[in-house]
Amino acid sequence: MRKLTVIGVGPGAADRLTLQARAAIDAAGIVFAAQRHAELASGQTVHDLKPFSVACERMESALQSTDVAVLVSGDPTQFSMTPLIRRRFADRADIAFSVLPGIGSIQSLFCHLAEPSQDAVLRSLHGRPFDPAQICALVAQNPLTVFLTDPVNHPARVSVALAERGFGHLDAAYGENLSYPDEIVWQGSVEALSQKTTGGQCVLRIRNATPIPPPVSPTLRDEDFTRGDRPMTKAEIRMLSACKLGLTPNAVVWDAGAGTGSVAIQCALLAP
C-alpha cells in the first residue's frame with residue numbers, strides 16, 4: 001500500500017518544519033509543492049502543485065510506484081487544499097492517507113505579538129469576493145478578528161474599508177512573509193494601516209475592545225425610528241414576524257412592499 005501524506009510546512013522557512021514533517025518529506029519518493037516550498041525538498045523529485053488538476057493526475061500516476069508527499073503552507077487543517085486532496089484520495093483502499101500538522105501563520109503572528117489567539121474569529125479573504133459590509137460586521141461584533149489576505153484583498157484594503165466606516169481607531173497588526181528573512185510584523189491603528197502599502201500573503205489581526213454582539217431576539221422599538229406620521233408595522237408584529245421567519249446568519253430576505261422598511265431593518269440587525 002502506497003502512502004499519500006499531506007504535510008503542513010508552516011510559514012515556509014525550513015527551521016519551522018517539525019521533525020515529523022522533515023522525516024516524512026525525506027521518506028517520500030515524489031514531492032508536490034508550491035514553488036516557494038520546493039526548496040524544502042531539495043535533492044528530491046518535486047512537482048509543482050499548479051495547476052491543481054494536473055498535479056492530481058501526476059499524484060495518481062506516482063502512487064502506482066512510490067510514496068507521495070504534498071506540502072501545504074501553514075496549518076493543513078485551516079483554509080488549505082487538504083480537503084480537495086482528501087476528497088480525491090482518502091477513501092482509496094490502496095492508499096494510506098494521512099495529514100501531518102504544521103505551524104500556522106496565525107500562530108506565528110500571535111507569538112510575535114506575545115498575545116493569545118483563542119478568542120479570534122478567523123476568516124480567509126484569499127481568492128474570495130471582497131465584502132466590506134461583512135468584514136465590518138465581523139469586526140464590530142467580535143473582540144478579535146483575524147483575516148488571511150492575498151495580493152488583491154490585502155491588509156491595507158481591509159483597513160481602508162474599516163476606516164471609512166468608523167473603525168479607524170481600532171488596534172491592528174499584520175505579519176507578512178512570516179519566517180522568511182524579509183518578514184514584516186507591524187502594529188498600529190487601522191487608520192495608520194490604511195495609509196500603508198502592504199503585500200499580499202499576510203495575516204491581519206484587528207482588536208476591538210468594545211464589540212457589539214448581535215441580539216439573540218428582536219429588540220427594535222417603534223420609537224427607534226424617525227418616520228413622522230407615516231404608517232409602520234408595529235413592534236409586536238415586527239418581532240413576531242422576525243421570530244417566525246427563523247432567520248439564519250446567511251439567510252436572504254425579500255421584503256415585498258417594504259413601506260418604511262422596519263421589518264427588513266429588524267432582520268438585518270438580527271443577521272448583519
Side-chain angles (χ1 to χ4, degrees), residues 7-18 21 33-42 49-50 71-81 101-132 134-136 138-139 142-165 167-209:
I7 303 172
V9 298
D15 62 1
R16 302 297 174 91
L17 282 176
T18 67
Q35 289 185 358
R36 70 189 184 99
H37 297 141
E39 63 181 24
L40 298 175
S42 59
L49 271 173
K50 292 182 179 180
L71 310 189
V72 297
S73 63
D75 179 349
T77 68
Q78 290 194 335
F79 301 108
S80 165
M81 64 174 57
I103 298 170
S105 56
I106 298 165
Q107 294 169 275
S108 297
L109 175 62
F110 276 86
C111 285
H112 270 292
L113 299 172
E115 296 177 358
S117 64
Q118 65 263 20
D119 296 326
V121 173
L122 174 62
R123 292 291 185 273
S124 176
L125 302 178
H126 192 90
R128 290 168 167 79
F130 190 78
D131 187 344
Q134 186 180 57
I135 289 170
C136 291
L138 283 170
V139 170
N142 294 285
L144 190 60
T145 311
V146 175
F147 299 100
L148 300 178
T149 69
D150 67 14
V152 175
N153 301 325
H154 47 76
R157 184 183 188 190
V158 175
S159 296
V160 168
L162 290 169
E164 288 177 345
R165 291 160 178 81
F167 296 101
H169 63 287
L170 297 184
D171 178 48
Y174 79 92
E176 180 179 348
N177 296 329
L178 291 168
S179 83
Y180 289 100
D182 59 344
E183 76 173 2
I184 297 171
V185 176
W186 180 93
Q187 186 171 2
S189 70
V190 167
E191 179 66 38
L193 180 52
S194 71
Q195 308 298 319
K196 287 179 64 65
T197 299
T198 58
Q201 307 298 337
C202 301
V203 184
L204 171 63
R205 187 274 280 147
I206 306 293
R207 188 176 295 281
N208 184 358

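The structure presented is a predicted model; accordingly, all values stated were derived computationally and were not measured.
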Could you state the interatomic distance from NE2 (His37) to CG (Leu49), rounded to the nearest 0.5 Å? 9.5 Å
Identify the heavy atoms of Ala21 and Ile7 that sit nearest to each other, and give their distance. CB-CG2, 3.5 Å
Is there a side-chain contact between Gln201 and Ser105 (heavy atoms, below 4.5 Å)? no
Taking every non-hydrogen atom, the tightest pair across Tyr180 and Gly12: OH-CA, 3.3 Å
Shortest non-hydrogen separation from Phe79 to Ser124 and the atoms involved: CD2-CB, 3.4 Å
As an exercise, state the distance from CD of Gln187 to CG of Leu193, rounded to the nearest 0.5 Å. 11.0 Å
Here the gap from His126 atom NE2 to Cys202 atom SG, rounded to the nearest 0.5 Å, amounts to 11.5 Å
Testing the basics here: between Ser73 and Arg36, what is the closest heavy-atom pair and its distance to 0.1 Å? CB-NH2, 3.4 Å
Within a strict 4.5 Å, meaning less than it, do heavy atoms of the Arg123 and Gln134 side chains meet? no
Validation row: Leu162, Leu170 side chains within 4.5 angstrom (heavy atoms): no
Option from Val158, Thr198, Leu125, Val190 for which side chain to side chain contact (heavy atoms under 4.5 Å, CB included) with Leu204 holds: Val158
Given Val185 and Leu109, is the side chain to side chain contact (heavy atoms under 4.5 Å, CB included) satisfied, shown in steps? CA-CA 8 Å; Val185 176; Leu109 175 62; 4.1 Å; yes
Quick one: closest heavy-atom pair of Ser108 and Ile103, and the distance? OG-CG2, 3.9 Å
Step by step, would you call Phe147 with Leu138 a side chain to side chain contact (heavy atoms under 4.5 Å, CB included)? CA-CA 10 Å; Phe147 299 100; Leu138 283 170; 4.2 Å; yes
Please tell me if the side chains of Leu122 and Leu148 come closer than 4.5 Å, counting only heavy atoms from C-beta onward. yes
Value for CD (Gln107) from CD (Gln78), rounded to nearest 0.5 Å, stands at 8.5 Å
Suppose we screen for side chain to side chain contact (heavy atoms under 4.5 Å, CB included). Which residues come up paired with Pro132, at least two apart in sequence or across chains? Phe130, Ala161, Arg165
Donor-acceptor check, side chain of Asn153 to backbone of Arg128, threshold 3.5 angstrom: yes or no? yes
Are any of the side-chain nitrogens in Asp171 or Arg205 under 4.0 Å away from the carboxylate oxygens of its partner? yes
Less than 4.5 Å apart, side chain to side chain, heavy atoms only: is that true for Ile184 and Asn177? no
Would you find a donor on one side and an acceptor on the other, under 3.5 Å apart, between the side chain of Ser117 and the backbone of Ala120? no
Would you check if Arg16 and Leu178 make a side-chain contact, meaning some heavy-atom pair closer than 4.5 Å? no
Nearest non-hydrogen partners of Ala13 and Ser179, listed with the distance: N-OG, 3.0 Å
Do Thr149 and Tyr174 have side chains that approach each other closer than 4.5 Å (heavy atoms only, starting at C-beta)? no
Point-to-point distance, once rounded to the nearest 0.5 Å, from OG1 of Thr145 to CZ of Phe167: 9.5 Å
Given side chains that start at C-beta, do those of Asp182 and Glu176 come closer than 4.5 Å, heavy atoms only? no
Residues in side-chain hydrogen bond (donor to acceptor under 3.5 Å, both in side chains) contact with Gln195, at least two apart in sequence or another chain: Glu191
The reported gap from CZ in Arg157 to CD1 in Ile135 (rounded to nearest 0.5 angstrom) is 8.0 Å
